[in-house]
Amino acid sequence: MAYDLEFERPLSDIEKQIHGIERKGEKMKAEDRTQVRELRQRLDHRTDEIYRALTPWQRVQVARHKDRPYTHDYIKLMCDDFFELRGDRRHGDDRAILGGIASLDGKTVMILGNQKGRDTKEKVECNFGLAHAEGYRKAQRIMRQAERFHLPVVTLIDISGASPDLEAEQRGIAGAIAENLQVMAVLRTPVLAIVIGEGGSGGALGISVADRILMLEHAIYTVASPEAAASILWRDAAFASSAAEAMKITAPDLLELRLIEEIIPEPRGGAHHDHRAAADAVKAAILRNIGELERLPVEELLEHRYRRYRDIGAYTREPIGAASV
Amino acid sequence: MAYDLEFERPLSDIEKQIHGIERKGEKMKAEDRTQVRELRQRLDHRTDEIYRALTPWQRVQVARHKDRPYTHDYIKLMCDDFFELRGDRRHGDDRAILGGIASLDGKTVMILGNQKGRDTKEKVECNFGLAHAEGYRKAQRIMRQAERFHLPVVTLIDISGASPDLEAEQRGIAGAIAENLQVMAVLRTPVLAIVIGEGGSGGALGISVADRILMLEHAIYTVASPEAAASILWRDAAFASSAAEAMKITAPDLLELRLIEEIIPEPRGGAHHDHRAAADAVKAAILRNIGELERLPVEELLEHRYRRYRDIGAYTREPIGAASV
Amino acid sequence: MRDESRPALPVNGQNGLNGLNGRNGAHAEAATAATAATKALPRNLAVKCPNCRELLVGKDWEKNLRVCVRCGYHSRLSARERIELLFDDGSFEAFGSDLHSADPLSFVSRTQPYPAYLADYRARAGMDEAVVVGRAHMDGLPIVAAVMDSNFVGGSMGSVVGERVTQAIERAAEERVPLLIVATSGGARMQEGLFALMQMAKTAAALARLAERGVPFICLLTDPTTGGVWASFAALADVIVAEPGAMVGFAGPRVIEQFMHQRLPKDTATAEFALKHGMIDAVAHRRDVRPTLVRLLRMFGAARPA
Amino acid sequence: MRDESRPALPVNGQNGLNGLNGRNGAHAEAATAATAATKALPRNLAVKCPNCRELLVGKDWEKNLRVCVRCGYHSRLSARERIELLFDDGSFEAFGSDLHSADPLSFVSRTQPYPAYLADYRARAGMDEAVVVGRAHMDGLPIVAAVMDSNFVGGSMGSVVGERVTQAIERAAEERVPLLIVATSGGARMQEGLFALMQMAKTAAALARLAERGVPFICLLTDPTTGGVWASFAALADVIVAEPGAMVGFAGPRVIEQFMHQRLPKDTATAEFALKHGMIDAVAHRRDVRPTLVRLLRMFGAARPA
Ligand SMILES: [Zn+2]
Ligand SMILES: [Zn+2]
């Protein structure tokens, strides 16, 4: 993967230098090799520097990176076996939400997640990752099946939002999401949600009500896309970066606000620079968290889950702020 | 209601005579009145005679009579209040299955049933009574709601069969029926099914898994329409009356085979001759049966229901019959 | 203007069954001011229907519960007006009114901090949040109610709305009293970020427990009910009734048109559309809402206890 | 011909993983005779594909599990053949084989009484009913299986089919062993009237209890799976896999065309159609079915016990 984001310009410059030297091939001299080694060290150093100081809006770029591993990539890299469960048994098989029974180091889990397409064909097939009602109903079917067989549920979140189209309304996207919230709240088996890229709005929430929510280091989780928030609150979508900042959508912010439980560190330069390392980290986090959750008796698990959501909210006894009018 | 079925010819002849005399109006003499009275007695007598000896195929005609009371008629005549619950919360509101919360003499029940249309507009609206997947899903929603609120469920069966069209397949009519069978088998509240007209095939079964099945005197309940059975087994739909005979589809036959629990007698000449009397009889049967079923603890009720279906079947230890080839 | 320290509720309505006609004094003025439809017009003289532009006699407009006699347009009502319209006189007792937003993100958009923004709305809308919750009676039958108000930040759901609604749900579950929610909302409140989004899950979780208890939940959808409210508690009711013409949808027709780059049929994402597609149980004229709800409560009340 | 008193099962297959090739003797002949696709052709020389009419070398046809190498057509298999194809050698142990239809309606169509009709089928199809049920192993993993056969009265479900399937479901529930049903059926058996229809409810009720116990149920749909079988137990499986091209539908395409008075797209009511519309989980080539099922059993087996 090359460095191709705007703020990665210094990194791509270094990369270009490296490639320039390496183009010599057989003709490379000892000092060339030394220079390449030094440039690589500098690249790593600068990458670390830049990624340590990412702004929220830069994180949005990383979370949306076209080469970032998707649910399908994680499943392929993490699972020793996977059988896809398809269809909602009522209308269709939404390719924007994938799920099935999986084996992780011999441990059986139900895994499901949002799928964005990579090439054009795949993008069209899965509606650019915008899930429909039947996707949420398929997810519900898979989760109820997990409950029946006492399998933990792992969900991978990566969606900008549920599909805002006519068909979604006709088939009841709102009701489908709402039902999932209710079903997941009382599902009698551990549920672990991991935001791997974009966690956008109700579309993300519809498969992320969980005992614990983990986020990849550069993932985002937000009530509305920064662009939508900017166009409403700033009356100009160009203020997306301001909205991204103001809404506190990054993993560190949300950990500090205690809205998520854990951050999974990403490989240098983001998950898209090393799918394998990212998948290993996610897999380790899944196995550890599921192991811990499975130790709880189910009634206790459900009481914790209820409290986890019941306690979310920030209020005071007296109104704050003074009217400006 | 006039007598308009083929086998009712003797009755319509008498009716014609009566009308002929009554046409005199003011000019009717005492002997005319006497004659009318005698003719009416004869009409009643002949009606009883004919209806006592109805062949299965004649019962099919009665069960399908265009003036026979439909679910909507029963609801209007039986209930002191009714709130219709509409829609499957996923796709649409199938007008071929109606249901809602109802009050019967102050007793709250969930009532639902098949609706055939009477006039053309209504017929089109409800697809001539041929239910779609969303109708069965609406029924399931209503029944689950009944369970939640400990309301008994009453279903009124009157369907020639589920819709055999492309949309039904696309939206999973088979799965929708199958799910209902399973849900009804373990629904934790009393379920009473009453075949009021035609009980046809899986389309009827999909809302008639119950603790008790009642049939109106001239209703039919069958694995396949006589026409369909004839065209398959006799290779000629014209043998429908033979099929109707052979398949044992009438209320008395099914009571004798112990596949139903009770027959509700119809007014003279069939339910369509007196909607009010038919509704009163059905209502009384509902209240009595529900009252009895509600006396059982729910676990016992469910065990009885399971046994009711578990025990259906006719087998021997040794094969019967000798090959003809 | 209004004294902000005065609690917005409880409210003592002047009338029960027949709705909004007959109010008077400062109370009525505040209520009228809060309703965009009548804001610019002198009260009781003439009202221009916001839909068909017909000029209507103010008294008739009020008598018809602010439904246009010509086109049937149902104008938006404040929470206060709903309470007067739906519940038995003086029966509404609010709880949860000591909860106020805490600005957990220290949110500033453009130049305005969120607390000031809220204070503006408190002043303008004459209420302290987008929902009021309480106990009430309908024709003598007890309910727990949550009544939303689109005049307060578009009826958006933040922590306070989510918390009050959840308290109402929990109260209904505890006391085994039917729950009624009158919904109207533009969606989640963006200024509260993920706290706002999570209220969807919180209310849904509480409703799961209500359902386990077998307590009925009826929801009345009013114009507009969209976004996170429609996609959480509002869609989870046992019985869903909507007012005619109310916008009911996840995304709303404008967003859908933008996304699809095409014009949509006029009824897209309305109450009638939702009925046709099987999402709700009834569309009821404002004058029929209360009797309908009372009938339902009566029938649910006659059910065999758990 | 075959001795009817000999129980149709158990069967000892010659081969496990790789299916049907390598059988021999009377056993193989009976199996071949039961398969319409090959009936008229001398065995092992040439087979005409019933779908594309290609002439295929008999040996290749068998090696390819009676799937046409040219067009991918999956020919119908008898229950006996399925058992050989799917289960570990000799692992299948039937139960429920002492149940036979009792003709409760004294059914006569045209001139033939139902018992004689059944006797004809017993002779022709080489089996005593449209399903065999038993215990078996797949790659060493225990299952309870019900395998249907469309050669017997079109695979229709009467009392015996319903009862055997129910016994299989109950056995699986009792022993907490996964259930596999290989479905193929034209629907309910009309000669048994309402007794036949009620088997749909009976099997569904038994499956409700299986689900409560948390025992997995996998269903393999083969050509054709329609009517009352598809609308009851077959559609209720946790995982549904179908063979390519299998007819899968409630009414079947001919009935639909008659009803709608129009030609339908070629894939209507097929496995692929069902997959597209979200009704099943996978369409798997015959050679992949056994490995797929084994993978599933392995993963379900590694689940945490209840
Ligand atoms: Zn108007
Ligand atoms: Zn071929």
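Heavy atoms of other residues, nucleotides or ligands lying less than 6.0 angstrom from CZ of C:Arg110 number more than 12. Within 6.0 Å of CD in A:Glu256 there are 12 or fewer heavy atoms belonging to other residues, nucleotides or ligands.
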Steps toward side chain to side chain contact (heavy atoms under 4.5 Å, CB included) verdict (A:Phe239, C:Ser109): CA-CA 10 Å; A:Phe239 283 88; C:Ser109 68; over 6 Å; no
Working for side chain to side chain contact (heavy atoms under 4.5 Å, CB included), residues C:Gln191 and A:Met247: CA-CA 7 Å; C:Gln191 293 90 339; A:Met247 288 197 296; over 6 Å; no
Full working for side chain to side chain contact (heavy atoms under 4.5 Å, CB included) between C:Glu163 and A:Arg310: CA-CA 8 Å; C:Glu163 179 64 22; A:Arg310 183 64 191 84; 2.8 Å; yes
Side chain to side chain contact (heavy atoms under 4.5 Å, CB included) between A:Thr222 and C:Leu194, worked out: CA-CA 6 Å; A:Thr222 178; C:Leu194 215 56; 5.5 Å; no
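For the pair A:Gly202 and C:Leu197, the tightest heavy-atom approach, listed with the atom from each and the gap, is N-CD1, 3.6 Å. Contact detail for C:Met279 and A:Gln170: the closest heavy-atom pair is CE-O, 3.2 Å. C:Ala201 and A:Leu205 make their closest contact through N-CD2, 4.0 Å (heavy atoms, listed as atom of the first residue, atom of the second, distance). Between C:Ala102 and A:Ile320, the shortest heavy-atom contact is C-CD1, 3.8 Å. Residues C:Ala231 and A:Leu181 come closest through the heavy atom pair O-CD1, 3.8 Å. Contact record, A:Tyr315 with C:Ser159: CE2-O, 3.4 Å, taken as the closest heavy-atom pair.
The greatest number of non-hydrogen atom pairs below 4.5 Å with chain A, out of C:Ala234, C:Ala235, C:Ala269, C:Ala205, is found for C:Ala205. Looking only at heavy-atom pairs under 4.5 Å with chain C, the residue among A:Ala168, A:Gly313, A:Gly172 that has the most is A:Gly313. Chain C forms more heavy-atom pairs under 4.5 Å with one residue of A:Leu257, A:Ile249, A:Val209 than with any other, namely A:Leu257. Most heavy-atom pairs under 4.5 Å with chain C: of the set A:Ala204, A:Ala228, A:Ser208, A:Ser201, this distinction falls to A:Ser201. Heavy-atom pairs under 4.5 Å with chain C were tallied for A:Met184, A:Arg317, A:Arg305, A:Arg308; the largest tally goes to A:Arg317. Comparing A:Gly161, A:Ala178, A:Ala229 by how many heavy-atom pairs each has under 4.5 Å with chain C, the most go to A:Ala178. Among C:Leu264, C:Val255, C:Thr166, the residue with the largest count of heavy-atom pairs under 4.5 Å with chain A is C:Thr166. Among A:Asn180, A:Val186, A:Val223, the residue with the largest count of heavy-atom pairs under 4.5 Å with chain C is A:Val223. Between chain A and the options C:Ile256, C:Asp103, C:Val248, C:Thr203, the largest number of non-hydrogen pairs under 4.5 Å is found for C:Ile256.
By the 4.5 Å heavy-atom criterion applied to side chains, C:Leu105 and A:Asp253 are not counted as neighbours.
Here the CD atom belonging to A:Gln182 is positioned 12.5 Å from the CZ atom belonging to C:Arg209, to the nearest 0.5 angstrom. Note: A:Ile213 CD1 to C:Met198 CE = 4.0 Å, rounded to the nearest 0.5 Å. Distance check, rounded to the nearest 0.5 Å: CE of C:Met200 to CD1 of A:Ile177 gives 6.0 Å. Expressed to the nearest 0.5 Å, how far OH of A:Tyr309 lies from CD of C:Gln199 amounts to 11.5 Å. Here NZ of A:Lys248 is found 10.5 Å from CZ of C:Phe195. Values are rounded to the nearest 0.5 Å. To the nearest 0.5 Å, the span separating CG on A:Leu166 from CZ on C:Phe273 amounts to 5.0 Å.
Contacts between C:Leu118 and chain A at a heavy-atom distance below 4.5 Å are absent for every atom of the residue. Contact annotation for A:Leu259: only side-chain heavy atoms (C-beta onward) come within less than 4.5 Å of a heavy atom of chain C. Using a 4.5 Å cut-off between heavy atoms, A:Arg171 contacts chain C through its backbone alone, with no side-chain atom that close. The part of A:Ala224 that comes within reach of chain C is its side chain, from C-beta onward, which places non-hydrogen atoms under 4.5 angstrom from that chain. Heavy atoms closer than 4.5 Å to chain A are found in the side chain of C:Glu212, but not in its backbone. For C:Gln258, no part lies near chain A; criterion is any non-hydrogen pair under 4.5 Å. Neither the backbone nor the side chain of A:Ile260 comes within contact range of chain C, judged by heavy atoms closer than 4.5 Å. For C:Met190, the parts sitting under 4.5 Å from any heavy atom of chain A are the backbone and the side chain alike. Heavy atoms of C:Ser232 lying under 4.5 Å from chain A belong to its backbone as well as its side chain. Of the atoms belonging to A:Glu318, it is backbone heavy atoms, and not side-chain ones, that fall under 4.5 Å from chain C. Looking at A:Leu233, both its backbone and its side chain come within 4.5 Å of chain C, counting heavy atoms on both sides. Interface remark: C:Val160 contributes backbone and side-chain atoms alike to the contact with chain A (heavy atom separation under 4.5 Å). Only the side chain of A:Ile232 comes within less than 4.5 Å of a heavy atom in chain C; its backbone stays farther off.
Judged by distance alone, the side chain of A:Glu169 and the main-chain N or O of C:Phe250 form a donor-acceptor pair under 3.5 Å. Counting only distance, with no hydrogens or angles, the side chain of C:Lys202 and the backbone of A:Ile312 share a donor-acceptor pair below 3.5 Å.
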